[in-house]
Amino acid sequence: LSGSRYDLVSVDGEETGRKYIWIDRRKDMDEQKIIATNLAKNYVIKESALFGRKKKIVSAVKDITLEIPKGQIIGVLGINGAGKTTTIRMLASIIAPSSGTLTMNGVDAVKNHRWVKERINVISGGERNLYWRLTAIENLKYFGSLYGLSGVKLKEKIAELLKIVGLEEAEDIPVERYSKGMKQRLQIARGLINDPEYIFLDEPTLGLDIVIAKEIRTMIKELAQEGEKGVLLTTHYISEAEELCDYIYVLDKGRMIAQGTKEELKDLFASEPKMVLQEPGLEEILMKIIYRSRGEDSEENIFGNKSRN
């Protein structure tokens, strides 16, 4: 079956320690997605007490359920501390959930985390995850080698990616001499080096000017629409989520408080009296959802300060 439409997946065996199963890559598209069901992540911290130290359980994420289908851009929105980063780390098999289930294309992603990591990648905003003293080619050679790529295949892949992100003319320049926009384009090339089926984008346009940010958003659209990749996007730029996302999940204090398309989220408040003629934007809707979830008056913001409006 090697080289056919099947993937060989290593899974835990009950007695032998390891066993292998064949996964049909041409399964029904309903199964070609990441599915998280009731995911939770708890941390145990130690606090000072009168006699020694006592343990305290902190719930970073509580019973999150979501799906990331191929060919779609899924948004996860929330203010700082909502649980977005922890959720991404679980979905990317960087950390194991405390409870719940996680599957990718029908395969248990918790038990088979190594198989999952070969088929996903994470692209972060900012200037992390690159080696500044290396050139673009040297960075991509290194990251490609981590996925077992080498030789002519890796060389061709690097040339292809540098052309896609528009860095072929700067391929031999050390990254420390790149602008922020160039570094972010190289981040995208790095995230595509293993041709992932799913991509997790964590604040991909953070700190970029509007022109470069628009170019990055265009690339993100193409990854989903033309590359048929499942994309998870977290962002503080609400307009970005409104432009890109096919479906949105809203987190607050580690809980899922709302979900839907941007139209469906707006419909949550369609029956309320409108005080202005202009249709509310996603940012206003997001804040209303958070206020309602917390049982707070919408005239008071989430920091406890009265609005000046």
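Start at 1 with the first residue, then count along the sequence. Hydrogens, waters and symmetry mates play no part in the numbers below; they use all other heavy atoms, side chains included.
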More than 12 heavy atoms from other groups under 6.0 Å of [atom1] on [X]:
| X | atom1 | value |
| --- | --- | --- |
| K117 | NZ | yes |
| E169 | CD | no |
| I210 | CD1 | no |
| L146 | CG | yes |

Task: Partner of L251 by side chain to side chain contact (heavy atoms under 4.5 Å, CB included), out of I79, I64, V61 - done: I64

Task: Criterion side chain to side chain contact (heavy atoms under 4.5 Å, CB included) against N139, the qualifying member of I193, V175, I158 - done: V175

Task: Electrostatic pair E67:K33 at N-O distance under 4.0 angstrom - done: yes

With side chains defined as the heavy atoms from C-beta onward, is the minimum distance between [X] and [Y] less than 4.5 Å?
| X | Y | value |
| --- | --- | --- |
| T135 | E171 | no |
| R190 | N121 | yes |
| T86 | I95 | yes |
| N194 | E118 | no |
| R185 | E215 | yes |
| L244 | Y237 | no |
| K141 | L134 | no |
| L192 | L223 | yes |

Treating [X] as the side-chain partner and [Y] as the backbone partner, does any N or O pair qualify as donor plus acceptor under 3.5 Å?
| X | Y | result |
| --- | --- | --- |
| K41 | A60 | no |
| S98 | N42 | yes |
| K55 | I45 | no |
| N112 | W115 | no |
| T205 | L208 | no |

Any chance you could measure [X], atom [atom1], to [Y], atom [atom2], to the nearest 0.5 Å?
| X | Y | atom1 | atom2 | answer |
| --- | --- | --- | --- | --- |
| L102 | I34 | CG | CD1 | 7.0 Å |
| I199 | I188 | CD1 | CD1 | 8.5 Å |
| L39 | L66 | CG | CG | 7.0 Å |
| R217 | I73 | CZ | CD1 | 11.5 Å |
| I68 | I35 | CD1 | CD1 | 10.5 Å |
| T65 | N38 | OG1 | CG | 4.0 Å |

- [ ] Determine, step by step, whether L130 and Q187 satisfy the side chain to side chain contact (heavy atoms under 4.5 Å, CB included) criterion, reporting the C-alpha distance in whole Å, the side-chain angles of both residues, the deciding distance to 0.1 Å, and the verdict.
- [x] CA-CA 7 Å; L130 294 173; Q187 289 271 26; 4.0 Å; yes

TODO: Tell me, with the steps shown, if N105 and E197 meet side chain to side chain contact (heavy atoms under 4.5 Å, CB included).
DONE: CA-CA 10 Å; N105 302 348; E197 297 179 37; 2.9 Å; yes

For [X] versus [Y], what's the shortest heavy-atom pair and its separation?
| X | Y | result |
| --- | --- | --- |
| L186 | Y178 | CD2-CE2, 4.1 Å |
| A109 | S93 | O-OG, 3.5 Å |
| I248 | A241 | CD1-O, 4.4 Å |
| K253 | K62 | O-NZ, 3.6 Å |
| M90 | A40 | SD-O, 3.9 Å |
| G181 | I212 | CA-CG2, 3.6 Å |

Consider only side-chain heavy atoms of I, L, V, M, F, W and Y, link residues closer than 4.5 Å, and tell whether [X] and [Y] are in one cluster.
| X | Y | answer |
| --- | --- | --- |
| V122 | M219 | no |
| L162 | I216 | yes |
| I74 | L91 | yes |
| I238 | I220 | no |
| I123 | L232 | no |

Open item on the list: Under 6.0 Å between ring centres: does that hold for Y247 and Y249?
Closed with: yes

- [ ] May I ask you to check whether Y147 and D195 show a side-chain donor-acceptor distance below 3.5 Å?
- [x] no

Open item on the list: Ignoring hydrogens and geometry beyond distance, is a side-chain donor-acceptor pair present between T103 and D108 at under 3.5 Å?
Closed with: no

Task: Hydrophobic cluster partners of V152 (side-chain heavy atoms under 4.5 Å) - done: none

